[in-house]
> 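Here's a structure for you.
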Protein chains: 6
Amino acid sequence: MPRRDGRNDDDLRPVTIVPGFARNCAGSVLYSCGGTTVLVTAQVADAVPPFLEGKGVGWLTAEYAMLPGSTPTRVSRRTDGRATEIQRLIGRSLRAVVDRQALGPFTVHVDCDVVNADGGTRTAAITGAYVAVALGLRKRFGVERAGAVLKDSVAAVSVGIVEGRAVLDLDYSEDSRAEVDANVVRLGSGGLVEVQGTGEGGVFSRAQLDALLDLAGAGIDRLAAIQREAVEGG
Amino acid sequence: MPRRDGRNDDDLRPVTIVPGFARNCAGSVLYSCGGTTVLVTAQVADAVPPFLEGKGVGWLTAEYAMLPGSTPTRVSRRTDGRATEIQRLIGRSLRAVVDRQALGPFTVHVDCDVVNADGGTRTAAITGAYVAVALGLRKRFGVERAGAVLKDSVAAVSVGIVEGRAVLDLDYSEDSRAEVDANVVRLGSGGLVEVQGTGEGGVFSRAQLDALLDLAGAGIDRLAAIQREAVEGG
Amino acid sequence: MPRRDGRNDDDLRPVTIVPGFARNCAGSVLYSCGGTTVLVTAQVADAVPPFLEGKGVGWLTAEYAMLPGSTPTRVSRRTDGRATEIQRLIGRSLRAVVDRQALGPFTVHVDCDVVNADGGTRTAAITGAYVAVALGLRKRFGVERAGAVLKDSVAAVSVGIVEGRAVLDLDYSEDSRAEVDANVVRLGSGGLVEVQGTGEGGVFSRAQLDALLDLAGAGIDRLAAIQREAVEGG
Amino acid sequence: MPRRDGRNDDDLRPVTIVPGFARNCAGSVLYSCGGTTVLVTAQVADAVPPFLEGKGVGWLTAEYAMLPGSTPTRVSRRTDGRATEIQRLIGRSLRAVVDRQALGPFTVHVDCDVVNADGGTRTAAITGAYVAVALGLRKRFGVERAGAVLKDSVAAVSVGIVEGRAVLDLDYSEDSRAEVDANVVRLGSGGLVEVQGTGEGGVFSRAQLDALLDLAGAGIDRLAAIQREAVEGG
Amino acid sequence: MPRRDGRNDDDLRPVTIVPGFARNCAGSVLYSCGGTTVLVTAQVADAVPPFLEGKGVGWLTAEYAMLPGSTPTRVSRRTDGRATEIQRLIGRSLRAVVDRQALGPFTVHVDCDVVNADGGTRTAAITGAYVAVALGLRKRFGVERAGAVLKDSVAAVSVGIVEGRAVLDLDYSEDSRAEVDANVVRLGSGGLVEVQGTGEGGVFSRAQLDALLDLAGAGIDRLAAIQREAVEGG
Amino acid sequence: MPRRDGRNDDDLRPVTIVPGFARNCAGSVLYSCGGTTVLVTAQVADAVPPFLEGKGVGWLTAEYAMLPGSTPTRVSRRTDGRATEIQRLIGRSLRAVVDRQALGPFTVHVDCDVVNADGGTRTAAITGAYVAVALGLRKRFGVERAGAVLKDSVAAVSVGIVEGRAVLDLDYSEDSRAEVDANVVRLGSGGLVEVQGTGEGGVFSRAQLDALLDLAGAGIDRLAAIQREAVEGG
């Protein structure tokens, strides 16, 4: 039985990536998967945070916000606890592929602004941010040095158990009915970076977690291919 | 002698308006003029601010922000004095065409987020916001009631004196060299809503102000036609 | 037909300037025009903002606040959008007459605190601030260097259309009924620094704007003479 | 041996009280003692804080601020710990003479803004505030009801030990050299409301405290007479 | 080979629970595991957040803070991103065992203040909070109703891969060297509530995650028994 | 007639001091007097505030907070005016015994967190803080240098007039009924550091103040002995 939008349980929503969407910012993409659209920009600043001064290594930091018109009812611009949690996750995920020694004394600022929210905004932000960072580093430092800084690719996807079935890449309507919800962040080459599974009004078993991780792995393989194409073509 | 980008002194930059850019929000447009791009969303909330409670009339309020990647060097998300001043101008300009009695006890929230900044972001925000509000009111209340609420159209343009010449619709490079800079907000039907002329490192004469207002008037006539088309086609 | 307080349409309210009102601060004046009273202080600090460090030029910045007892109903001390907008206008207006090269690496801090509000507080603040700054610079640097720093004088006045008549220097009762309201900032020698015309619940024509600018010009000529006297006698 | 300004150890500085200084606010005074000048306004609001709603009794609250130009070096407008402490003292002192039952469901807002600081600003604020509150209540409720609300008068003075001598009403130069510093708040009829004695870089004995309290008592007797005159003549 | 403190890989640190540590607050415990000590208090307020008003169901919310002296170098009291993330996790974890319908229109406030930090403060906070909430509900509503509100118990533990070995309940020195770090929250009866695995400077495989979840499960079984004893004896 | 808890009017509540309560922080004590318990930590940072940079002298600063569970009804973590006032008092009181020259360019951070509040939290904080600071300085600098920095001991106690009787060391139920309330801070060797007497809904006479100061003196003598023992044994 297909899902409300016709997808099978292991289908991703269609992904599109528009590079250079913010013209002033080389490392920018408009990333969409289904009804979720996120504008991600990556900018390189010639400075590091105080705790890294004089150490010769760089940093990457992220901010995440819902734009006020991204949901049917207006969202306030105030950074709440959810946004704080998400931007920390985005930062950790991207730092997993940045060789901070190779980067040198620079800070990469990643900004993820949700233009339209239909579930999976944090995983869309991570997947899009990898492309934005790759494009931004190439523009700033050239392809070779950018390659030395980015050791691997990283992508993320949500999975969940909805009405008893494990499904990939939940949209908002699925997400709000899910019994279990997990976000998985993984390298293109396979290593897990972050697994966050949460029972939403329920609990989950080890077997269910395994099924979700299987689904996520297959989805991330496909996202990694899409990212590769976007970086090469960007 | 044409301008750096080939325009004549009285030429607008090319304008494009993408309606429905934020899918969840009927009243949304991506408004571009030249290199300046602003995402404008208009949402109708079923409530009024405390000072209007029980009075039966509505309100319109606006917020304005530069997205961090909108300029070559990252912009902080903090609302500074400039943004405060601009969002107040946007709010006043739009309220000039809203019949708050006809609107009834609702608040229209306008949000203007600058995706890419190349001069004239505040005037782009006003011109785009009129279209977003018109589309949002039509979606919410139907064409007839929306027409009763919006008494007229409103648009804005910047003008300035650059190297001694009065020019229309300054881009960033012109704006930063301008001796005088004015923003003009006008109804589609002709009445002036707001005139803000500022000497930037210089002063100006009554004759210069007159020349700028002439240029602005012609530009706004053209913008009003573009707005009309976008609302009808949106 | 005279106005409520007996003035003709082109009359200013009576102006008084008490220099040295805050004894610790050489550059201080209590400026009154009719029922509007503003305490303005100007202090010179031996430092410049970060963006000017090492450049050898100075800066002038302004803050504006309504004291809580300045209106019949108490005003909160919180800096709102209106105050932000006004203090930016005051800063720009004063910087138009300050030769920042001649000033050298100092910051002039202007503070305008409204003791009693009866319309025209922002223009009173600008007109009084010029006197406070002139006195403060003379005290700090001597008459000669102060003269090199202040290239000209600057004053401001409000004008508006009230019940169809263009009037000068609106008091609160006129201001709250005005159809159009403009604030004009001008050098003593004649050049316009800033023109801000706003339709308040209405719109205005080019002819009306011209009439208002004529009125304002005559008012500012008189204010410039009063300022000159206050600085020489201060 | 007289003090630097010629006073004897038990002399107050000259006091002047200008009632109605903020014209819009009946309960306003400009209170000066020597070089210290405080603008105090008292306004009656038709509401009580949440914790008193429905109880039929009123409240009095105070705010205290140094205006930026009140000291030779500019003071920031930020409410710091010292200001917080002082405004709580002012509030408690005034509430000691307000019959909150007789006041009924109203809040008296007292605002004390220091125009010029030369020592003793908090005691000047309290002494001036009593006059402002008395005038404000009379204007709002009439002399009779105001009399029922204000059960007594209250005034305050500073005392200290400077170079081994107990002196009354310290100016800034004395205050900054004082070994011990005390602020005494007392009813006109004699009862102590608040005694705050602090060793500044030193400690003090019971005998010294007694000498200071004697001095303060005589000073407050004189201030109470000056207050009485100001209220009757205000 | 034993760990630095003599434990085997699958040993918990010694746990002590002091009930009633804050005497005014029935639902309070001082929870220690090894060198980590957290004061947890649970208080029941007779109100619900706005989004639940009139719905008859209750809420549970949590705050988490490091006390300034809890680490060798002082910690600021400011709530940073890490604390925000942790307090959201604590709240979700406890809500997993609260029957909000049975609770009725009350809010349980859980506060976790870290007295001494030696790794695992968030999992200690969750494990201690369950005991504090159980004691607080019993005191407020009696044992029977408390039992209806708390459907199950919940506990949490950290696990990680340190120098290639999967270990249970990491102390600070292990945590700071861990290649992978996971926090597991589980019901006493076995269902997983939350799994958060993070590669710290590395990535992890599915097999490693499985080993960690096995370790955590055994640890939580022991913690659940300790909790049961503390609630019955508290 | 004894007091509610059986004490005579001049009895202190039982005092216990647990040194090293926060294991990471040498200068920490859990200080209790009756039902009031305060966790005090003292940490030495290798830096001074900006206003002391390059002067070679040190500083001591204090923060005070009520933990949320310290009172029957939850206390918010927000620093309000009362807390601000108290932490300033604690800082001044401790600085009275610190030789800042002997300390050198270090800052002692004192943090007082109220675990359980039953009256007298600010005086408990001061008395406990002396012990925490003494222990912290000894740990950091050795007994000899710590002795040179701490010139004397300091302790504090509350006194008040309750139902007409002067009593020592008020608990919450006495404090809330007191007509007069005073906090006295004194050196171990006898000099007064701070006296703060406040009429709470009443006023007080010189004779009453004298009786309170007598009571306080005797109490502080006993506290000083307890402190001495705790420091030597700590």
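All heavy atoms count here, side chains included; hydrogens, waters and symmetry mates do not. Everything quoted here is computed from the prediction, not taken from an experiment. Order of the sequence lines sets the chain letters (A, B, ...), proteins ahead of strands, with each chain counted from 1.
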> Can you check whether anything in residues 139-157 of chain F gets within less than 4.5 Å of chain E, heavy-atom wise, and list it by number?
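The residues closer than 4.5 Å to chain E amount to none at all.
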> Non-hydrogen contacts under 4.5 angstrom with chain F: give the residues of residues 106-129 of chain E involved, or none if there are none.
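Heavy-atom contacts from residues 106-129 of chain E to chain F are E:His109, E:Asp111, E:Cys112, E:Asp113, E:Val115, E:Asn116, E:Ala117.
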> I'd like to check the ring-ring contact (aromatic ring centres under 6.0 Å, His included) partners of E:Tyr172; sequence neighbours left out, ordered by chain and number.
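None.
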> Is there a side-chain contact between E:Leu67 and F:Leu39, using heavy atoms and a 4.5 Å cut-off?
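In contact.
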> What are the two closest heavy atoms between F:Cys25 and E:Gly69, and how far apart are they?
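Shortest heavy-atom separation between F:Cys25 and E:Gly69 comes out as CB-O, 3.5 Å.
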> Checking heavy atoms, do the side chain of E:Ala45, its backbone, both or neither come under 4.5 Å from chain F?
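For E:Ala45, neither part sits under 4.5 Å from chain F.
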> Return yes when atom CZ of F:Arg95 has more than 12 non-hydrogen atoms of other residues, nucleotides or ligands closer than 6.0 Å, and no otherwise.
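For F:Arg95, atom CZ is crowded (more than 12 foreign heavy atoms under 6.0 Å).
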> Treating F:Gln43 as the side-chain partner and E:Thr71 as the backbone partner, does any N or O pair qualify as donor plus acceptor under 3.5 Å?
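Indeed, once roles are kept as given, a pair shorter than 3.5 Å links the two residues.
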> What are the residues of residues 26-38 of chain F, in order of number, with any heavy atom under 4.5 angstrom from a heavy atom of chain E?
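Against chain E, the residues of residues 26-38 of chain F that fall inside the cut-off (heavy atoms, under 4.5 Å) are F:Leu30, F:Gly34, F:Gly35.
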> Just wondering, more than 12 heavy atoms not from F:Arg3 lying within 6.0 Å of its CZ?
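Yes, because the 6.0 Å sphere around CZ of F:Arg3 holds more than 12 heavy atoms from other groups.
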> Check whether E:Thr73 gets within reach of chain F through its side chain, its backbone, both or neither, counting any heavy atom under 4.5 Å.
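Looking at E:Thr73, just its backbone touches chain F.
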